[in-house]
Undergrad: 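Next up is a structure, given as structure tokens.
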Amino acid sequence: MLTGGDGLAEPRRDPNRMNRDLSVPLASLASRADVAQARDILDIHAARPVVRRVCIDCGAEWPCPDALYAMLITGTTPEGTR
């Protein structure tokens with residue numbers, strides 16, 4: 001059994017679960033229609049930037065409970081930010 005540099009035995013790896021490189025790229029297994037459909041899916045499911053507001057003081061998602069309380073008391077809305 002092989003040991004590591006610290007003298008402890010390395011656990012045996014299951015050969016059926018080892019990561020293996022594909023001998024054929026997945027694109028070669030798909031038809032032209034599959035590739036066209038996949039490109040359409042990528043066009044529809046494109047990434048978009050998302051902006052999250054966080055509280056400067058506590059780091060929680062804004063408006064945090066403290067900010068909500070303060071807005072309730074003062075009668076302001078979340079749009080009234082600096």
Undergrad: What is the minimum heavy-atom distance between A30 and V35, and which atoms define it?
TA: CB-CG2, 4.2 Å
Undergrad: How close do W62 and A67 get, heavy atom to heavy atom, and via which atoms?
TA: NE1-CB, 3.9 Å
Undergrad: Which distance, rounded to the nearest 0.5 Å, do you find between the CG of L68 and the CD1 of I73?
TA: 11.5 Å
Undergrad: So if I apply the side chain to side chain contact (heavy atoms under 4.5 Å, CB included) rule between M71 and each of T76, T77, D66, which one comes out positive?
TA: T76
Undergrad: Is it the case that over 12 heavy atoms from other parts of the model lie below 6.0 angstrom from the CG atom of D57?
TA: no
Undergrad: Do E61 and R52 touch side chain to side chain, with heavy atoms closer than 4.5 Å?
TA: yes
Undergrad: Look up atom CD1 in I44 and atom CZ in R39, then write down how far apart they are to the nearest 0.5 Å.
TA: 14.5 Å
